[in-house]
Every structure is written in C-alpha cells, then in structure tokens.
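Below you'll find the structure, written out as structure tokens, and then a few comments.
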Amino acid sequence: MSREEFREAMKGHALEIIEEMEEDHLNPLEAFMEQMLCRRAASKLLKQHEEALIREVLQALSELDEFQPGRWLWNAAHPHLPLHAFFRSKREPYFRVLSMEAMPQLVTVTVEYSSAKGSSTLHKEEIRLRRDRRGQLGLERRQALAS
C-alpha cells in the first residue's frame, strides 16, 4: 500500500467518524443509549474474559477475509481506545459478540453483524480461532449460522 493509498483510506475512515459524530450531536439521546448498550456488551464480555484476550480476538476478526465488521475492528489491539467503541448495538452497521469460549489454544466466538449501513440482513457466524506456533490467533473454521 502506497502512502497516498493509505492517506485515502484514512480519509474515508475519518469522514465516516465525523459523520457519526454529527449524527450523535443531532440525536444525543440515541447516542447515549447506543453508548450504554455498547458499554454493557463490553462489560458482559469482561466478566468472562480478560480485556487483552477480547482485544486479541477482535484484532484477529479484523484480519479475516470478507468479514464486513473488520473495517471497524482494525485498531482493536490499541489499549488506549475504549473496548466498548468496537461494538455496535443499534447503530448500523451492527456488530455484536453473542458468545465467546476461550481455551488456551482455541477461541470460539459467535458474532452477529450486518454487512452495510442500511442493510437489514443480519449475518450470524461461529468463528473458531486457533493459536499458531508464534502464539497468534488465526482462522481455523468459519461457519454461517441460521439467524
């Protein structure tokens, strides 16, 4: 990726974020409710798993081919970003972690997401991630579930 391509991609992300900030400013009650729902989703996961593991799983999901929410999760490994910022409960495109089971070498996560803003189609997948020799999570199996 060249420097110009990187700048164009970052410009696209920045414009989307600015658009969402403007929507939040126009609808503060909706924005507050969305934030509370996302904080609750993050809190539920944090009761069962360590934050470092959750961030590692989100980062691994962002690297999957043709995984639409990956574009929102690409910086999940950065600890200075709040964990709840990666979940989208009511705001489109949706992204929810329905369940997560972690073992030392294997993580199974069930997610539900919509493919694009304005899309009413929800996708539900079970994704199994396994650690490689370097200890990094990678895709082992990905299976679509009935919604």
Side-chain angles (χ1 to χ4, degrees), residues 1-21 23-24 31-147:
M1 175 179 271
S2 73
R3 174 178 259 167
E4 287 304 316
E5 291 173 335
F6 176 75
R7 285 184 178 163
E8 282 299 314
M10 291 307 292
K11 180 182 176 182
H13 283 292
L15 290 174
E16 287 177 348
I17 291 170
I18 290 169
E19 182 182 322
E20 285 192 5
M21 289 168 55
E23 287 175 13
D24 289 351
F32 178 75
M33 291 303 294
E34 172 71 11
Q35 184 183 36
M36 290 299 107
L37 289 171
C38 293
R39 284 180 186 268
R40 182 175 173 218
S43 177
K44 282 173 123 178
L45 275 176
L46 285 168
K47 285 180 183 177
Q48 300 170 352
H49 308 285
E50 292 181 11
E51 183 175 354
L53 175 65
I54 297 168
R55 287 183 181 276
E56 185 180 14
V57 168
L58 293 176
Q59 183 68 39
L61 291 175
S62 77
E63 297 168 0
L64 296 179
D65 292 334
E66 297 188 25
F67 185 66
Q68 297 294 326
R71 58 191 299 270
W72 297 99
L73 303 173
W74 63 272
N75 56 354
H78 298 279
H80 63 279
L81 295 171
L83 190 59
H84 72 270
F86 301 105
F87 302 101
R88 300 177 67 87
S89 296
K90 297 277 184 195
R91 176 177 277 167
E92 295 178 352
Y94 304 110
F95 176 70
R96 300 180 193 107
V97 175
L98 301 177
S99 68
M100 189 166 108
E101 297 175 31
M103 293 176 259
Q105 297 296 318
L106 185 70
V107 177
T108 303
V109 61
T110 305
V111 295
E112 183 177 57
Y113 62 92
S114 63
S115 55
K117 197 170 190 174
S119 173
S120 61
T121 306
L122 285 178
H123 304 279
K124 192 173 178 183
E125 289 188 50
E126 182 181 83
I127 299 168
R128 184 184 292 181
L129 304 166
R130 183 173 293 280
R131 294 196 184 281
D132 61 13
R133 283 185 251 144
R134 296 173 301 189
Q136 307 241 333
L137 287 174
L139 179 66
E140 180 181 75
R141 187 184 76 192
R142 185 173 171 182
Q143 177 183 357
L145 302 173
S147 293

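The structure presented is a predicted model; accordingly, all values stated were derived computationally and were not measured. Computed from heavy atoms alone, side chains included, the values below leave out hydrogens, waters and symmetry copies.
In terms of heavy atoms, Ser114 sits closest to Tyr94 at OG-N, 2.9 Å. Among all heavy-atom pairs drawn from Glu20 and Arg91, the shortest one is OE1-NH1, 3.1 Å. For the residue pair Leu83 and Arg55, the shortest heavy atom distance occurs at N-NH2, 3.5 Å. Phe87 and Cys38 get closest at one heavy-atom pair: O-SG, 3.0 Å. Smallest separation of non-hydrogen atoms from Gln59 and Leu73: OE1-O, 4.1 Å. Residues Trp72 and Asn75 share a closest heavy-atom pair of O-OD1, 4.1 Å.
Once rounded to the nearest 0.5 Å, the distance linking CD1 of Ile17 with CG of Asp24 reads 11.5 Å. Rounding to the nearest 0.5 Å places CG of Leu58 at 8.0 Å from CG of Leu45. Separating the OG1 atom in Thr108 from the CE atom in Met100 is a distance of 10.0 Å, to the nearest 0.5 Å. Atom CG of Leu15 sits about 11.0 Å away from atom CE of Met10, to the nearest 0.5 Å. Ser43 contributes atom OG, which lies 12.0 Å from atom NE2 of His84 (distance to the nearest 0.5 angstrom). The line from CG of Leu37 to CZ of Phe32 is 10.0 Å long, rounded to the nearest 0.5 Å.
A salt bridge links Arg96 to Glu112: one of the charged nitrogens lies within less than 4.0 Å of a carboxylate oxygen.
Summarising the local packing, CD of Glu51 is surrounded by more than 12 heavy atoms from other residues, nucleotides or ligands at distances under 6.0 Å. Within 6.0 Å of atom CD in Glu101, 12 or fewer heavy atoms from other residues, nucleotides or ligands are found, so the atom counts as exposed in its surroundings. Counting heavy-atom neighbours within 6.0 Å of Asp65 CG, excluding the residue itself, gives a total of 12 or less. Residue Met21 places its CE atom among 12 or fewer non-hydrogen atoms of other residues, nucleotides or ligands, all under 6.0 Å distant. The neighbour count for Arg40 CZ, taken as heavy atoms of other residues, nucleotides or ligands under 6.0 Å away, does not exceed 12. Other residues, nucleotides and ligands place more than 12 heavy atoms under 6.0 Å from the CD atom of Gln143.
Within the 3.5 Å criterion, the main-chain N or O of Ile127 finds no donor-acceptor partner in the side chain of Arg142. Checked by atom type and distance alone, the side chain of Arg88 pairs as donor or acceptor with a backbone atom of Pro93 at under 3.5 Å.
A 4.5 Å side-chain heavy-atom check between Arg7 and Arg3 finds at least one atom pair inside the cut-off. Residues Arg71 and Glu16 have side chains in contact (heavy-atom distance under 4.5 Å, counting atoms from C-beta outward). Two residues are said to be in side-chain contact when any heavy atoms from C-beta on lie closer than 4.5 Å; Arg39 and Met36 meet this criterion. Side chains of Glu56 and Leu129 form no contact here, defined as non-hydrogen atoms less than 4.5 Å apart.
Partners of Glu140 according to the side chain to side chain donor-acceptor pair (under 3.5 Å) rule, which considers only residues two or more places apart in sequence or in another chain, are Arg128, Arg130. The salt bridge (Lys or Arg N to Asp or Glu O under 4.0 Å) check on Glu5 picks up nothing, with sequence neighbours excluded.
Applying the ring pair (Phe, Tyr, Trp, His ring centres under 6.0 Å) test to pairs two or more places apart or on separate chains, those with a residue in residues 34-67 are Phe67-Tyr113.
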Full working for side-chain contact (heavy atoms from CB on, under 4.5 Å) between Lys44 and Val97
CA-CA 10 Å; Lys44 282 173 123 178; Val97 175; over 6 Å; no
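Of the residues listed (Leu137, Leu139, Val111), the one engaging Leu61 in a side chain to side chain contact (heavy atoms under 4.5 Å, CB included) is Val111, and it is the only one.
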